[in-house]
Amino acid sequence: MNPLRIGNFSGFYGDRADALHEMLTGGEVDVLTGDYLAELTMLILGRDRLKDPAAGYARTFLRQLEDCLGLAHERRVRIVTNAGGLNPAGLSAAVRQLAERLGIPVRVAHVEGDDLTAEYPGTLAAHAYLGGFGIAECLRAGADVVITGRVTDAALVTGPAAAHFGWQPGEYDRLAGAVVAGHVLECGTQATGGNYSFFQEGDVRRPGFPLAEIHADGTSVITKHPGTGGFVDVGTVTAQLLYETGGARYLGPDVTARLDTVRLSQDGPDRVRIEGVRGEAPPPTLKAGLNRLGGFRNEVAFVLTGLDVEAKAELVRDQLSDALAKSPPAEVGWDLVRTDRADADTEETASALLRLVVRDPDQQVVGRALSGAAIELALASYPGFHVLAPPGKGAPYGVFEDVYVPHGAVDHVAVLHDGRRVTVAPAQDTLVPDELPQPPLPEPLPAGPVRRAPLGLVVGARSGDKGGNANVGIWARTDDAWRWLAHTVTADTFRQLIPESRDLPVTRHVLPGLRALNFVVTGILGAGVAAQHRFDPQAKALGEWLRSRHLDIPEVLL
């Protein structure tokens with residue numbers, strides 16, 4: 001049987017608008033997937049739904065279809081997307097209306113059952129992560145477009161693969177192979193050189209979107225359309241495999257994929273083969289994401305230029321202490337960012353930033369009272385007083401929490417293009433994931449001369465967020481570098497290199513098959529991205545910071 005060619009045209013809500021057209025016209029493809037949902041996106045869509053109960057889906061998807069629905073129909077390319085967000089039925093109806101207006105005979109189906117908001121009072125959005133078999137039911141019944149709400153990102157690939165090859169629940173190795181391919185595709189151009197540590201090794205000014213050639217046994221090849229930008233190699237695929245993962249077990253509603261069994265090999269220019277993936281029964285629970293409004297947040301960034309930066313910062317803190325004491329916010333944070341340089345040749349490089357961030361359930365507490373107190377200092381504080389932007393009245397921020405519910409707690413339903421409703425049975429066999437033994441480490445490198453140098457000269461990194469936690473995956477590019485990395489960068493070493501993590505739980509996971517270490521830092525992002533807990537609230541650049549830190553590195557590796 002020929003492989004199924006599944007491409008991606010969106011990695012987030014706001015991705016490149018013309019990618020759907022590019023993927024339809026750039027080469028052969030059978031199915032195109034669009035991933036629009038992230039933890040922050042669910043909060044945004046939840047706020048949209050507060051204003052308009054008919055909203056709650058990614059409207060940009062409709063604009064993309066306006067130009068591309070006819071192309072997809074002509075080329076017999078099916079489209080599967082989670083752009084339905086909180087309202088997959090609403091988006092399905094909108095797609096049908098669009099198709100009717102354009103005169104294109106398109107069969108549209110959708111998947112529902114993920115919405116648990118009514119079960120969690122006080123949430124803007126509470127949604128379970130469903131698997132791919134609802135998508136498979138829609139496709140088997142003949143749907144051309146399938147709209148989902150909150151499914152796992154990889155389900156956009158496992159669903160079409162299961163439908164095409166006739167896979168059933170319990171075919172864990174095949175499903176796990178598709179999960180791994182789906183995880184590589186889900187973030188679009190991050191698999192083709194985007195956001196890649198070694199980006200200078202190719203032309204990544206406009207990376208093409210990735211696609212996977214999936215075979216009936218679950219193996220796959222990651223590639224892209226000919227002539228598109230970026231590049232696909234073992235490194236770009238490794239980077240995306242490590243993104244937003246934890247240990248060797250990658251848990252999902254249909255299967256647990258064992259990342260410690262993945263084997264990658266270069267299969268030609270811009271082609272990486274994925275094989276050897278083993279799967280296990282899924283865990284007995286489904287993850288559900290809860291999004292709430294956490295309160296209100298305000299921020300002032302004072303610019304401190306030239307000499308006496310520390311003394312200037314102390315003066316501002318003292319001057320604002322009375323205003324903060326009159327009606328104390330629940331949270332007050334001061335952060336002095338020393339971006340200044342001595343004897344600088346521009347004013348900007350002579351300046352540091354003092355950031356004040358306040359949070360409180362009451363908008364008045366963080367609003368105009370604080371803003372007024374800060375602005376009143378304009379002529380009465382440190383020399384050179386100014387701020388980056390006038391403080392506002394306080395903006396709402398969100399809080400994300402994940403919980404776990406039994407498979408039977410959701411009504412997973414495929415609503416077919418002809419209106420029939422098919423219930424998707426929950427997983428019958430489940431497995432509570434136990435602790436895996438630590439894999440053996442390679443032989444350490446022989447002792448030799450070392451040089452103090454950035455870690456990133458010998459390793460790549462990719463980091464991201466999962467709720468309040470961050471993961472930082474780092475991988476070696478050669479066997480010798482892996483021999484050094486595996487013995488050198490321990491959890492304690494990570495804490496030394498990343499001071500923010502010193503008082504937090506840091507777990508190191510070893511993935512020898514990828515020559516990789518994956519560090520999970522619990523709590524570093526507070527209540528999640530929408531809470532804006534730190535300078536880089538999604539930990540996107542945490543890995544690059546780690547690569548910039550200096551260690552004693554064997555000269556043979558440099």
Side-chain angles (χ1 to χ4, degrees), residues 195 197 199-200 297-325 329 331-359 366 370-392 394-395 397 451-457 461 463 465 470 472 494-504 521 524-526 529 531-552:
N195 299 354
S197 292
F199 65 96
Q200 297 178 83
R297 178 185 184 277
N298 206 350
E299 177 176 342
V300 189
F302 301 92
V303 183
L304 314 174
T305 303
L307 305 178
D308 308 317
V309 166
E310 298 282 352
K312 290 171 180 174
E314 185 178 356
L315 174 59
V316 175
R317 290 191 189 101
D318 287 345
Q319 290 179 307
L320 280 179
S321 62
D322 288 343
L324 294 173
E331 296 180 41
V332 177
W334 291 95
D335 189 18
L336 178 59
V337 184
R338 296 302 300 264
T339 52
D340 55 307
R341 296 202 301 262
D343 194 22
D345 57 5
T346 68
E347 183 177 336
E348 188 170 4
T349 56
S351 301
L353 295 178
L354 176 66
R355 294 174 63 238
L356 167 63
V357 178
V358 292
R359 292 184 178 86
V366 302
L370 175 66
S371 301
I375 294 305
E376 285 170 6
L377 296 178
L379 304 180
S381 189
Y382 60 86
F385 180 99
H386 66 287
V387 297
L388 286 184
Y397 70 90
R451 188 196 323 158
R452 197 76 175 170
L455 177 61
L457 294 183
S463 56
D465 64 313
V472 184
F494 184 97
R495 289 190 183 94
Q496 293 167 14
L497 297 174
I498 305 296
E500 287 180 70
S501 70
R502 286 180 182 171
D503 298 323
L504 299 172
V521 188
I524 193 170
L525 303 180
V529 54
Q532 298 284 304
H533 180 74
R534 64 188 295 273
F535 167 70
D536 174 16
Q538 288 182 282
K540 294 289 190 182
L542 192 57
E544 287 301 297
W545 179 23
L546 180 66
R547 291 182 70 237
S548 75
R549 301 288 277 155
H550 287 219
L551 283 172
D552 291 331

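Because only heavy atoms are used, hydrogens play no part in the values below, and waters and symmetry mates are left out as well, while side chains stay in. This chain uses plain numbering: 1 for the first residue, then up along the sequence. Just so it is clear, the model here is predicted, and its values are computed rather than measured.
One finds a salt bridge joining R547 and E544 here, because a Lys/Arg side-chain nitrogen approaches an Asp/Glu carboxylate oxygen to under 4.0 Å.
For the pair L336/V309, a side-chain contact is recorded, criterion being any heavy-atom separation below 4.5 Å from C-beta on. The shortest distance between side-chain heavy atoms of L455 and R549 does not fall below 4.5 Å. In this structure, V357 and R297 have side chains that are in contact, with non-hydrogen atoms separated by less than 4.5 Å. Considering only heavy atoms from C-beta on, W545 stays 4.5 Å or farther from D536 through its side chain.
Scanning both residues, Q496 and R502, for their nearest heavy atoms gives O-NH2, 2.9 Å. Scanning all heavy atoms of the two residues, the minimum distance from N298 to G392 falls at ND2-O, 3.0 Å. Heavy atoms only, all atoms of each residue included: F302 and A374 are closest at CZ-CB, 4.2 Å. Considering all non-hydrogen atoms of both residues, A470 and I524 come closest at CB-CG2, 3.5 Å. In plain terms, the two heavy atoms of A352 and T339 that are nearest each other are CA-OG1, 3.6 Å. Here the closest heavy-atom approach between residue V358 and residue L324 is recorded as CG1-CD2, 4.3 Å.
When atom types are taken as modelled, the side chain of S463 and the backbone of G543 share a donor-acceptor pair closer than 3.5 angstrom. Although no hydrogens or angles enter the test, the distance criterion places no donor-acceptor pair under 3.5 Å between the side chain of D465 and the main chain of K540. In terms of modelled atom types and a separation under 3.5 Å, the side chain of K312 and the main chain of T305 share a donor-acceptor contact.
Environment of CG in D318: crowded, with over 12 heavy atoms of neighbouring residues, nucleotides or ligands closer than 6.0 Å. For L307, the CG atom is loosely surrounded, since the number of other residues' heavy atoms within 6.0 Å does not exceed 12. The neighbour count for R338 CZ, taken as heavy atoms of other residues, nucleotides or ligands under 6.0 Å away, is above 12. The number of heavy atoms from other shown groups lying within 6.0 Å of CD (E314) does not exceed 12.
Separating the CG atom in L320 from the CH2 atom in W334 is a distance of 4.5 Å, to the nearest 0.5 Å. Separating the CG atom in L315 from the CG atom in D308 is a distance of 11.0 Å, to the nearest 0.5 Å. One distance of note links CD of E348 with CZ of R341; it measures 10.0 Å at 0.5 Å rounding.
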Quick one, L304 with L353, criterion side-chain contact (heavy atoms from CB on, under 4.5 Å). Give me CA distance, side-chain angles, the key distance, then yes/no. CA-CA 6 Å; L304 314 174; L353 295 178; over 6 Å; no
List the steps, then state whether side-chain contact (heavy atoms from CB on, under 4.5 Å) holds for L356 with V316. CA-CA 10 Å; L356 167 63; V316 175; over 6 Å; no
